[in-house]
Amino acid sequence: MISKTFQEKFNPSQQAAVSFTGQHALILAGAGTGKTRTIIGRAAYLIESGVSPSKIQILTFTKKAANEIVERVRSQFPESTAISLKGSTFHSWCNQLIVKYPNLFGASTYTVIDQDDQLSIMKMVCGEYKEDFGRLRLKPQQLIDLYSFARNTRKNLTESIRILLFKDRKDRETEYEITQQRPYIGNLLKAYQSKKGNSKYLDYDDLLLAVSTQLHQNEEARRILAMDLEHLLVDEMQDTNPLQWELLKPFAQVCRLYCVGDDAQSIYSFRGADFRNVHSFKERVPDSTVLKLNINYRSTQHILDLANWLLARSPIKYDKKLVSNITEGSFPVVMNVSDQWQESSWVAEEILNGFQQDDKFFGDHLVLSRSQYYTKTLQAVFIRKKIPFVTYGGRKFLEAAHIKDVVAVLRILNNPFDEIAWVRFLTFWDGIGDVRASRALGNIVAGDGSRPIGTLVKDALPGQDGEKIGDLIGELELSKGDVGQLVTKTFEAMELGLAYKYRKDWQEKRKADFEVLQLLAKSYGSLGEFIGEGLLDNAANLNKSHVLSGSELSPSEDRDHVIISTIHSAKGLEADTCFVLNVSPKVFPSTRTLHDPEAIEEDRRLLYVALTRAKNRLFITRNIDSIQALTKGDEIINEAKDIPTESYFLSDLPDSLVEQRTYEHTFDKPRDVGTPNTMDLSSGMDFS
DNA sequence: CCAGATGCTTTTTTT
DNA sequence: AAGCATCTGG
């Protein structure tokens, strides 16, 4: 049953992984060793062996990765053979299960909320419980972090407070402080939780928690899900956190687990990822096998030498040395620059050189940065030099303020208990602020849902304002069944207000987004789907993977452009030429992580991920002043901030591994490079 | 007490 | 770009 090309497509260890016949497997796959290929191959292999595609579920961390894997599997089969193969993110998968089995998980009408919404609720709570909140020197965001951390790591409140607020200290004074603060924090979190429940909100963690709790407690739930599922294929296993592990664990009893990961690429501990899910896999999962993939097909040996050198200097033993099957190639370049403008100019020049002289495409270039914010200068330079680009990471389409204003109406119609949406919608109108809105809210939400929404508003908000808004929402409710039409009408009703509220950049930037929103809305069958899945899936990643072309949303992969990405968002990406920005002291590792050895090592892995994205050419930039400060004035730095020199990842970098350069040009002379080809600058869109 | 405008600051990383 | 503190006009 196995296709002829099987042996040509995979090396022996990949073949072993793809055609694994045991019960459960963990595939340890170093960067560039064909991790994605192996998952794709595995799914295809299973289907060829007669497993029904509908009983295979692929889990990844981003929708993009899921789609890509599923598409590539489907393309290996005649038309509809693999159409029922499913791939989703953990969160979206749970959301689908909850929708599919409302009785099992006890949630029918609910709204999935994002981090902004969580914060808004917590702010309301802190306002209501001024007493408790006033005794703490905490921001609402920190309380949210605490809440989420505790649930994702399955730790109790005391431990979570200790780790997040007291750097994991265990001395007497800390103990005392924790005992003092814990009751107040506890009260606020409880209030937050009950408010969340009353408004029928599920946050991201709730989605996982609801499913995992039922699976653990309820034999029936396990039985039902077992009927749907034979194989669970999990990507990026090293990024799973204890909560996600809780979710996966029960499935070891009802289906076969096939997890793929690389402990050296674990970079999500800030949201509770625990790479012991990889290290302890064999002990935790009975009847499991661990397989390894070691040959790197992506990068030249020079690039891997640098990556290997970086990992070898870690106190953690990764038991990993990547070996390439590509021996030739140039050395990685470390470029010393004196400021961000130089850095950006140099990157732009290098890309244009590649484009003009080496026949490279813009798409062959990937620019990586630690933070989204840092690439602002670069984006400015790219626009000036007419280099087309897209940004990965950063603010999502549906999270932009002007989009949220319109979506608030949809949320209200979808779930009349949605207080956040109510406040947003009410305060949108002139003359209504926080106070009047929250007062009106009490009356609106108190309704049992039997009365028309429009009338509720009129009662809760006497006067002209209420009359106007009540009529509006009542009328919009009539279009509830047609998401596309609803968006159009809502936008029409709000356009004037929006244009005023965002007058600074309405015409140039924001107005056009509503076309996108309408197209997006049309692609969903129902309001509930749009609100729920839209937030979790492609809409959330719209700025990453889609651009508006003509009258439809199309994958931006069609166009040739440079990709600018945070390193976190770049996992799984690769490019011929890769720029890693600002690998300077105090950044790698970051000064904020220096108190914590584990966090330093996570930063090291982050850099490791960045370096291993490059196939042929790797360019690293760093700030020359901070390097000189390191070598000349150690004592100043050490004294000032207590930063040990050796904590900089690239200190003592052997000359044999890289080529060092220093930027010569002055950036002020933008050499006229002309316009290579016809390029569409609109692809340089993002919503930040 | 309320809504809105203005000026200042500050950015990790994401589902 | 968005949060925060502060001011102004009602």
Side-chain angles (χ1 to χ4, degrees), chain A residues 59-66 88-95 112-120 123 139-141 145 148-149 151-152 202-209 236 239-241 243-244 247 265-273 368-376 392-396 398-402 404 426-439 465 500-505 509-510 532-533 535-541 543-544 565-571 581-582 586-593 599 602-603 605-607 609-610 686-688:
Chain A
L59 286 183
T60 63
F61 276 84
T62 65
K63 183 68 182 176
K64 192 170 183 283
S88 15
T89 63
F90 276 83
H91 294 86
S92 157
W93 183 50
C94 289
N95 187 43
V112 178
I113 54 170
D114 65 16
Q115 232 186 10
D116 284 353
D117 296 329
Q118 285 187 287
L119 186 59
S120 309
K123 279 179 180 164
K139 292 177 191 159
Q141 180 64 59
D145 291 345
S148 180
F149 183 84
R151 302 205 313 160
N152 274 295
L202 294 187
D203 62 29
Y204 288 137
D205 303 332
D206 288 322
L207 294 170
L208 304 188
L209 208 55
E236 309 285 11
D239 289 330
T240 54
N241 61 36
L243 173 56
Q244 281 153 341
L247 178 67
Q265 294 187 66
S266 173
I267 53 176
Y268 280 99
S269 72
F270 65 88
R271 77 176 180 209
L368 296 172
S369 147
R370 187 163 188 149
S371 69
Q372 179 72 17
Y373 170 73
Y374 187 83
T375 65
K376 278 200 145 186
Y392 280 29
R395 195 149 210 96
K396 314 293 191 290
L398 282 179
E399 288 171 5
H402 55 297
K404 280 198 146 194
L426 293 175
T427 55
F428 175 81
W429 305 100
D430 212 22
I432 302 174
D434 277 340
V435 179
R436 260 180 94 195
S438 353
R439 277 193 199 142
D465 289 340
Y500 181 72
K501 184 173 173 186
Y502 302 104
R503 55 195 176 283
K504 278 178 192 150
D505 52 5
K509 294 186 98 174
R510 308 184 105 119
E533 284 294 297
L535 189 68
L536 290 169
D537 283 349
N538 42 344
N541 286 317
N543 66 335
K544 296 185 179 183
S565 174
T566 60
I567 302 173
H568 282 89
S569 299
K571 225 168 13 167
L581 301 184
N582 199 21
K586 300 183 184 181
V587 181
F588 285 101
S590 157
T591 42
R592 3 176 24 127
T593 67
E602 174 142 322
D603 274 4
R605 293 191 293 269
L606 190 65
L607 183 55
V609 169
D686 76 294
F687 302 97
S688 44

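No experiment lies behind these values; they were computed from the predicted model shown. Naming convention: chains lettered A, B, ... in sequence-line order (proteins, then strands); numbering from 1 in each chain.
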Side chain of [X] (C-beta onward), nearest among [options]:
X	options	value
A:K123	C:dC4, B:dT15, B:dC1	C:dC4
A:R510	C:dA2, B:dT13, B:dT15	C:dA2
A:Q115	B:dT13, B:dA5, B:dT15	B:dT15
A:R271	B:dT14, B:dT12, B:dC2	B:dT14
A:Y268	B:dT13, B:dT14, B:dC1	B:dT14
A:T89	B:dT15, B:dT14, B:dA3	B:dT15
A:F270	B:dT12, B:dT13, B:dC2	B:dT13

Find the distance [X]:[atom1] to [N]:[atom2] and express it as a whole number of Å.
X	N	atom1	atom2	result
A:R436	B:dC1	CZ	P	17 Å
A:N241	B:dT13	CG	C1'	15 Å
A:D116	B:dT14	CG	C1'	13 Å
A:K571	B:dT12	NZ	P	20 Å
A:R503	B:dG4	CZ	P	12 Å
A:R605	B:dT13	CZ	C1'	13 Å
A:Q244	B:dT14	CD	P	15 Å
A:L59	B:dT15	CG	P	15 Å

At under 4.0 Å between heavy atoms, what does [X] touch on the DNA or RNA strands: base, sugar-phosphate, or nothing?
X	answer
A:Y374	nothing
A:I432	sugar-phosphate
A:D430	sugar-phosphate

### Query
Is A:Y373 side chain donor-acceptor paired with the B:dT11 base, going by distance under 3.5 Å alone?
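Result: at least one qualifying N/O pair found.
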
### Query
Which sits closer to the 5' end of DNA chain B, A:H91 or A:T427, going by the nucleotide each is nearest to?
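Here A:T427 is the residue nearer the 5' end.
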
### Message
Reading DNA chain B from 5' onward, which residue's closest nucleotide shows up sooner: A:S590 or A:W429?
### Response
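Counting from the 5' end, the first nearest nucleotide belongs to A:W429.
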
Does [N] have its OP1 or OP2 closer than 4.0 Å to a side-chain nitrogen or oxygen of [X]?
X	N	value
A:K139	B:dT10	no
A:T566	B:dT14	yes
A:Y500	B:dA5	yes

### Task
Kindly indicate whether the side chain of A:R436, heavy atoms from C-beta on, has any atom under 4.5 Å from the side chain of A:L426.
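A:R436 does not reach A:L426 side chain to side chain.
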
### Query
Sequence neighbours excluded, which residues qualify as side chain to side chain contact (heavy atoms under 4.5 Å, CB included) partners of A:S120?
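Testing A:S120 for side chain to side chain contact (heavy atoms under 4.5 Å, CB included), a comparison that skips the adjacent residues, returns A:I420.
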
### Task
Hey, can you tell me if A:F90 and A:F61 have their rings parallel, tilted or perpendicular (30° and 60° cut-offs)?
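Tilted: the ring planes of A:F90 and A:F61 meet at 30° to 60°.
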
### Query
Can A:R271 and A:D239 be counted as an ion pair, charged N to O under 4.0 angstrom?
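Result for this pair is no, no salt bridge flagged.
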
#### Entry: Ion pair A:D145/A:K139, N-O distance below 4.0 Å
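Salt bridge: no.
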
### Query
Should A:R151 and A:D203 be marked as a salt bridge (charged side-chain N to carboxylate O under 4.0 Å, His left out) after you check the CA-CA gap, both sets of side-chain angles, and the distance that decides it?
CA-CA 11 Å; A:R151 302 205 313 160; A:D203 62 29; 3.0 Å; yes

